[in-house]
Amino acid sequence: MARANEVARKMTTMRLSRYFLPVLKETPAEAQIVSHRLMLRAGLIKQASAGIYSWLPLGYKVLKRLEDIVHQEQIRAGHLPMLMPTIQSADLWRESGRYDAYGAEMLRIKDRHDRDMLFTPTAEELITDIFRGHVTSYKDLPLTMYQIQWKFRDEIRPRFGVMRGREFYMKDGYNFDLTKEDALHAYNRHLVSYLRTYERMGLQAIPMRAASGPIGGDDTHEFLVLAETGESEVFYDSEITDLRFGDREIDYASHAQCQSVLEEFTSRYARTDETHDPDVFAKIPVERQRVARGIEVGQIFYFGTKYSDAMGALVDDGQGNRVPVHMGSHGIGVSRLVGAIIEASHDENGIIWPEGVTPFHVGIVNLKQGDAACDGACEDLYKAFAAKGLEPLYDDRTERAGAKFATMDLIGLPWRITVGPRGLAGGTVELTSRKTGESRELSLEAVVARVAEIYAPHRG
RNA sequence: CGGGGCGUAGCGCAGUCUGGUAGCGCGUCUGUUUUGGGUACAGAAGGUCGUGAGUUCGAAUCUCGCCGCCCCGACCA
């Protein structure tokens, strides 16, 4: 048992000499935007083919951190996690009419029996099929299920790394409600949970009225992260960027509370180019009018009975009627978020991970590898962090200080501890913020306590 | 899909026009050196020049086909 614990402790610590971190000094020629360049340079991803990427250990850790946050916030909102297959039969899609409607963006496959299959671009059909097979009564409503699963959309032109990949990792959720009113509450509930989700990732994502595309429906908001490299042109009232969800407590079952958050965050003008109305925009005081670019990181839809009508997803309404359920769907582009966060948080030296999503909590730089005092202090530090449930990345390579600092800056851990003979002589190490560059000299005990304190608000 | 460009060592590139048996920088390996912001020196390994065919005594280089990748436009988490 003691031995198992020892192994577990080592698992939470990583020595850079034993890690797989293929950082690049030079920028790969194919990368045009900063997030793509930094993801390649920092060894987060490697392109497998156009718009399809392998997630290397460091990138995979970030992806998993984002996934954890999405799960936690979905579960907090009362939604049920599940998982559906990536390869689906064409039959259900014929039933909804989307097999033909979806067009070339859907990757179509034949199995050995020559049956038409497809790689799922979204899952309204399959979830509706599951629903109709098991739910027949209003008593089982409301119901919201979601998954985080790989999707494939055969984009005409994939670009910008994971920001517009063909294969991408997406949270997709589906709500089933008896009435339109209930379904709109589900819509509002998702808006609230998404606001929380993005803020935990260190992002400001603004809900904007949008167009629905092939999912269908009338009510839809997109969440956009402002960034110069965004693909969408956006128009908004600058007051909206002052809004913060913060750590307020919300009763997700309360229609009134969710409605009031929706009103707070959507009452000011904020639209993408698809729904932009210049006349309404012009009525905003000029000094508050903003035209910018944004990255779409999520979207919520209410589409009523579009799929339940087409696929016969009916429930007994308690009054002797069999009625189609009201539905909506909601997506968060988890893999795209990795790029979006980097677009929003970097400098000329590399990535700057927000504390909520960083792959390792702290980097330990040993300036004199092989020096007994330095090595010992670093070992003590990472054991102390592991004991507190924090994950350090220990740079134990026999590189010069400059090379170690450059690597740490590139991969963007928010906090770095520098351990060198000079400081240790006085019993201290240095704690440096990646974001501000500010450093503090602290004792070994104090630095562990300080880092634990920093991360306390970010633990689930 | 329309328009443009590129494919030569792990990465970034030169060589192609004007055919003659492949080179530079970074990285990697060995040794020495250095040690608080990508050290310096010496040595070494590493390439079916995307692919197939053709022209030629000879093809990275010329011709044709194919494949892959990137950029600009219309669509999408």
Side-chain angles (χ1 to χ4, degrees), chain A residues 22-33 36-37 40-41 43 46-52 66 70 102-106 120-123 148-173 194 205 210-215 220-225 230-232 272-274 294-301 329-340 349-350 365-371 374 397-410 416 418-425 429-430 432 437 439 441:
Chain A
V23 299
L24 306 173
K25 231 178 193 177
E26 290 172 288
T27 303
E30 74 269 17
Q32 297 299 310
I33 65 168
H36 191 193
R37 284 200 290 264
L40 292 168
R41 287 197 52 213
K46 176 161 171 56
Q47 180 169 324
S49 65
I52 301 177
L66 299 184
V70 172
Y102 219 98
E105 239 174 56
M106 185 153 71
T120 177
T122 175
I148 301 177
Q149 176 65 292
W150 292 97
K151 304 295 187 300
F152 196 94
R153 294 184 192 172
D154 200 358
E155 297 282 341
I156 296 169
R157 187 157 80 85
R159 63 188 121 166
F160 302 152
V162 299
M163 302 265 282
R164 178 174 293 290
R166 294 195 292 172
E167 186 184 54
F168 58 98
Y169 204 43
M170 183 172 87
K171 172 263 171 180
D172 49 318
Y194 279 25
S212 65
I215 306 286
T220 179
H221 279 89
E222 275 175 350
F223 289 76
L224 286 106
V225 173
E231 288 193 85
S232 310
T272 65
D273 47 5
E274 296 165 324
I295 302 165
E296 300 162 22
V297 294
Q299 190 161 9
I300 54 178
F301 300 88
S329 69
H330 334 86
I332 293 180
V334 179
S335 50
R336 170 179 286 183
L337 272 166
V338 179
N349 294 323
V365 170
N366 186 347
L367 289 178
K368 194 162 186 177
Q369 204 69 41
D371 176 86
C374 289
R397 298 172 302 164
T398 52
E399 291 286 345
R400 291 174 59 86
K404 292 191 175 189
F405 290 147
T407 297
M408 280 296 173
D409 287 350
L410 177 62
R416 185 186 80 207
T418 309
V419 178
R422 204 152 79 195
L424 281 184
V429 294
E430 196 174 82
T432 305
S439 293
E441 304 263 328

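Remember, predicted model here, so these are calculated numbers, not experimental data. Reminder, nothing fancy here: chain letters follow the sequence lines and each chain counts from 1.
- Checking side-chain atoms of Y194(A) against main-chain N and O of G331(A) turns up a donor-acceptor pair under 3.5 Å.
- When the P atom of rC26(B) is taken as reference, atom CG of L40(A) falls 22 Å away, rounded to whole Å.
- Base pairing analysis places rC24(B) opposite rG12(B); the two distances defining the Watson-Crick or G-U wobble pair are each below 3.5 Å.
- Put simply, CZ on R153(A) and CZ on R166(A) are 14.0 Å apart, with the number rounded to the nearest 0.5 Å.
- Nucleic acid contact class of I156(A) (heavy atoms, under 4.0 Å, all strands): base.
- Side-chain nitrogen and oxygen atoms of K25(A) include at least one within less than 4.0 Å of the OP1 or OP2 phosphate oxygen of rG27(B).
- Proximity of a side-chain donor or acceptor of R416(A) to a complementary backbone N or O of T432(A) within less than 3.5 Å is not detected.
- Across the protein-nucleic acid pair, K171(A) atom NZ and rA77(B) atom P stand 13 Å apart, rounded to whole Å.
- In a base pair of the Watson-Crick type (N1 to N3 plus N6-O4 or O6-N4) or a G-U wobble (N1-O2 and O6-N3), with each distance short of 3.5 Å, rC69(B) is matched with rG5(B).
- Residue S49(A) is classed as a sugar-phosphate contact, given heavy-atom separations below 4.0 Å to backbone atoms only.
- Pairing partner, rU35(B): none, since no Watson-Crick or wobble contact has both distances short of 3.5 Å.
- With T220(A) contributing its side chain and F301(A) its backbone, the two residues share no donor-acceptor pair below 3.5 Å.
- The nearest whole Å value for the distance from the CG atom in L367(A) to the P atom in rU34(B) is 17 Å.
- For the pair R336(A) (side chain) and M163(A) (backbone), a donor-acceptor distance under 3.5 Å is present.
- A sub-4.0 Å separation between OP1 or OP2 of rC72(B) and a side-chain N or O of Q32(A) is absent.
- At a threshold of 4.0 angstrom between heavy atoms, the contacts of G165(A) include nucleobase atoms, whether or not backbone atoms are also involved.
- Taking the P atom of each, rG3(B) and rG46(B) are spaced 44 Å apart, rounded to whole Å.
- A gap of 47 Å separates the C1' atoms of rA77(B) and rU39(B), to the nearest Å.
- Figure legend. rC75(B) is base-paired to no nucleotide; pairs are counted as Watson-Crick or G-U wobble with both atom distances under 3.5 Å.
- Taking only distance into account, the side chain of R416(A) meets the base of rG37(B) through a donor-acceptor pair shorter than 3.5 Å.
- Note: E231(A) CD to L224(A) CG = 11.0 Å, rounded to the nearest 0.5 Å.
- In this structure, R397(A) places its CZ atom 16 Å from P of rG36(B), rounding to the nearest Å.
- Nearest-nucleotide positions on RNA chain B for M163(A) and G420(A) put G420(A) closer to the 5' end.
- Only the C1' atoms considered, rU18(B) is 30 Å distant from rC70(B), to the nearest whole Å.
- When the P atom is compared between rG47(B) and rA42(B), the two are found 24 Å apart, to the nearest whole Å.
- Among the atoms of the strands shown, base atoms are found under 4.0 Å from some heavy atom of G423(A).
- Using a 4.0 Å heavy-atom criterion, one finds that A403(A) contacts the bases of the nucleic acid, with or without backbone contacts as well.
- The residue D409(A) sits close to a base: some heavy atom pair falls under 4.0 Å.
- Between rA45(B) and rG10(B), the two P atoms lie 16 Å apart (nearest whole Å).
- Evaluation of atom-type donor-acceptor distances gives no pair under 3.5 Å for the side chain of E26(A) against the base of rG27(B).
- Per the geometry, CD belonging to E155(A) stands 16 Å off C1' belonging to rC70(B), to the nearest Å.
- Distance NZ/K368(A) to CZ/R422(A): 12.0 Å, rounded to 0.5 Å.
- Q47(A) comes within 4.0 angstrom of the backbone, heavy atoms only, and of no base.
- Per the geometry, CD belonging to E231(A) stands 9 Å off P belonging to rG73(B), to the nearest Å.
- Across rG50(B) and rC17(B), the matching P atoms stand 15 Å from one another, rounded to whole Å.
- As the counterpart of rG47(B), no nucleotide is assigned, since no Watson-Crick or G-U wobble pattern has both distances under 3.5 Å.
- To the nearest 0.5 Å, the span separating OG1 on T27(A) from CZ on R41(A) amounts to 5.0 Å.
- Using a 4.0 Å heavy-atom criterion, one finds that T398(A) contacts no nucleic acid atom at all.
- Interface remark: the E399(A) side chain does not form any donor-acceptor pair with the rG38(B) base, using a distance-only criterion of under 3.5 Å.
- Taking atom CZ on F405(A) and atom C1' on rU35(B), their separation rounds to 11 Å, with Å as the unit.
- Using a 4.0 Å heavy-atom distance criterion, A50(A) is classed as a sugar-phosphate-only contact.
- With both ends at atom P, the span from rA60(B) to rG54(B) equals 15 Å, rounded to whole Å.
- For the pair F168(A) and rA77(B), the ring geometry qualifies as stacking, because the centroid separation is below 5.5 Å while the planes lie within an angle under 30°.
- Picking from rG36(B), rA77(B), rG38(B) the nucleotide with the shortest atom distance to the side chain of S335(A) gives rA77(B).
- Contact check, R400(A) against rU34(B): no side-chain N or O comes under 4.0 Å of OP1 or OP2.
- Both distances falling under 3.5 Å, in either a Watson-Crick or a G-U wobble arrangement, place rC62(B) opposite rG54(B).
- Between F405(A) and L367(A) the shortest side-chain heavy-atom distance falls below 4.5 Å.
- Atom name C1', nucleotides rA22(B) and rC66(B): the rounded distance is 26 Å, in whole Å.
- OP1 or OP2 of rC72(B) lies within a sub-4.0 Å distance of a side-chain N or O belonging to R157(A).
- Protein atom CZ of R159(A) is 9 Å distant from nucleotide atom C1' of rC75(B), rounded to whole Å.
- E30(A) comes within contact range of the sugar-phosphate backbone alone, with a heavy-atom separation under 4.0 Å but no base atom that close.
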